[in-house]
K.L.:
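Here it is: the structure, laid out below.
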Amino acid sequence: MKKYNKVSPELLAELEAALGKENVQTEPEVLDRYKTDEETDPKMFHLPEAVVRPASAEETAAVVKLCNKYDVPITVRGGGTSLADGAIPVCGGLVLLTERMNKILEMNTDGLYMIAEAGVRTVDIQKKANEAGYLYAGDPCSAESCLIGGNLATNAGGNKAVRYGVTRNQVYSLEVVTPTGEIVEVGSRLKKCSTGYCMEQLIMGSEGTLGIITKATLKLLPLPPYRLDLLAIFDDPAKALDMVPLIAKAGINPTSIEYMDNSYVRGTSEYIEFKDPPYKENGIYVIVTLETFNEDELDMKMEQLSSLCEEAGAIDVLEADDRIWAMRRNCQESVRLISLISLTDDVVVPVDKIADTIKYIMKIGEKYPFPVPAKINAHIGDGNLHIVLCKGELSDKEWEENVHAFHEEVYEYAYAQGGRLAGEHGIGAKKLGYMAEFTPAAELDLMKKIKLAWDPKLILNPGKIFEC
Ligand SMILES: Cc1cc2nc3c(=O)[nH]c(=O)nc-3n(C[C@H](O)[C@H](O)[C@H](O)COP(=O)(O)OP(=O)(O)OC[C@H]3O[C@@H](n4cnc5c(N)ncnc54)[C@H](O)[C@@H]3O)c2cc1C
């Protein structure tokens with residue numbers, strides 16, 4: 001890994017001149033706040049040397065230019081909800097916060113778009129659109145705490161991807177500060193465009209390594225007025241899993257199909273203290289959301305879906321209320337009740353392979369000594385599963401060896417199905433080794449060449465995705 005210069009008094013003085021003294025911080029208690037994101041293992045923590053808060057693309061560009069001049073790395077941080085160690089400053093240097101770029105600049109319901117700065121909370125974008133009768137379709141479970149810039153940088157997925165796609169499908173254009181400090185607008189507010197490379201799509205999912213996103217023009221859709229959440233409860237995971245391809249083929253076009261294994265059903269209901277009916281102690285939950293523009297269509301689809309679930313062997317099929325979504329949204333947080341240290345995987349496989357992949361993971365999971373067997377929740381309708389492993393009382397050595405052996409088995413299986421390491425959380429610093437192991441050499445080489453061409457001094461987010 002490249003050796004960088006330390007943050008010097010000269011750099012700090014120039015940063016203060018550019019941003020104002022109050023927006024450049026080096027107090028130990030401030031630095032301590034940014035040594036980790038959602039990472040729970042202290043071994044992965046890294047302190048930054050300074051934290052900066054630019055208020056605009058121009059100020060961001062000034063910071064980037066100074067870091068090129070002084071050869072100091074920058075890690076961009078949005079809401080810090082990364083599950084891949086993406087916001088941890090693994091090489092020290094600066095953490096750049098986007099939180100002061102927090103304005104929704106325009107909402108245009110004739111043109112169906114919204115322009116927002118990178119530091120706006122995702123939930124505020126969703127609410128603003130909804131209040132006017134429109135939909136911003138990006139919907140990660142962390143929407144209350146993540147920022148739109150972080151969603152764009154990780155190409156976040158979430159609960160509506162089955163119908164609307166992931167974050168990259170919700171975007172017209174981006175304003176980006178390049179790794180050398182230029183401000184560029186990539187993409188355009190067009191339905192179609194074949195005018196050179198699709199740069200905005202390259203930025204999305206680049207996890208802060210190719211540019212700092214400062215502003216985005218997001219797509220809006222008409223908000224379907226009719227919505228229904230259906231909960232199908234199973235007592236056999238195989239039956240629940242085998243139903244998913246049937247829904248996909250039925251022409252129902254659901255917005256979400258979410259899966260919670262029994263360990264999650266018990267864990268999250270305890271975490272959010274919700275054990276009223278329809279709670280079932282041995283239940284496995286599949287939540288399906290339908291949205292339509294016509295009430296009759298909703299009724300028809302609901303009947304079709306209910307019959308499908310019953311034929312597949314559901315022990316209960318009922319209309320669900322928001323509490324079911326509260327359970328689903330709290331899956332990640334509920335793990336804290338079991339273990340202070342845990343990790344979340346984000347494997348993605350083709351949709352027709354997800355049932356077999358989950359069954360395989362459940363089978364191999366039995367032989368590992370984790371305090372609870374691998375917990376699985378999944379955006380099952382788009383092939384993306386989250387496996388949570390808990391450390392509990394295992395020693396560091398036992399934890400590391402078993403996690404590694406488990407990952408090798410799971411990733412080999414997933415790649416054999418045509419899958420990948422990450423469906424929505426990114427690679428960050430967490431899966432660097434596996435990225436190198438599982439990505440074809442020629443593909444990895446192309447990625448490294450792009451990184452070096454854009455960021456010759458490796459200033460932006462080094463130590464993420466791959467090592468150069
Ligand atoms: C409870 C919980 C539930 C979650 N559910 C989902 C889910 O359903 N779907 C999903 O996809 N993810 C989910 N996540 C993961 C996480 O919320 C997403 O990865 C999210 O997109 C990160 O946004 P953030 O603002 O917190 O970014 P951060 O964590 O701050 O940063 C993430 C990465 O993006 C880079 N970055 C941030 N802002 C910018 C910017 N403006 N320009 C360039 N790079 C930038 C960072 O350097 C880092 O590499 C969940 C996390 C938690 C804790």
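First listed ligand is number 1; within each ligand, the first listed atom is number 1.
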K.L.:
What does the 4.0 Å heavy-atom contact list look like for ligand 1?
P.N.:
E38, V76, R77, G78, G79, G80, T81, S82, L83, G86, A87, T98, A118, P140, C141, S142, C146, L147, G149, G150, N151, A153, T154, A156, G157, G158, E207, G208, G211, I212, I213, Q332, E333, H379, E424, H425, N461

K.L.:
Looking at F370, is K391 sitting on its ring face, NZ or CZ under 6.0 Å from the six-membered ring centre and within 45 degrees of the normal?
P.N.:
no

K.L.:
I'd like to know if K457 and D455 make a salt bridge, using a cut-off of under 4.0 Å between side-chain N and carboxylate O.
P.N.:
no

K.L.:
With sequence neighbours left out, write down each residue that passes side chain to side chain contact (heavy atoms under 4.5 Å, CB included) with E14, or none if nothing qualifies.
P.N.:
L66, K69, Y70

K.L.:
Determine, step by step, whether Y34 and H46 satisfy the ring pair (Phe, Tyr, Trp, His ring centres under 6.0 Å) criterion, reporting the C-alpha distance in whole Å, the side-chain angles of both residues, the deciding distance to 0.1 Å, and the verdict.
P.N.:
CA-CA 8 Å; Y34 299 107; H46 286 269; over 10 Å; no

K.L.:
With A422, which residues qualify under side chain to side chain contact (heavy atoms under 4.5 Å, CB included), at least two apart?
P.N.:
D346, I427, K431

K.L.:
For residues 199-208, which residue pairs pass the side-chain hydrogen bond (donor to acceptor under 3.5 Å, both in side chains) check, not counting sequence neighbours?
P.N.:
R168-Q201

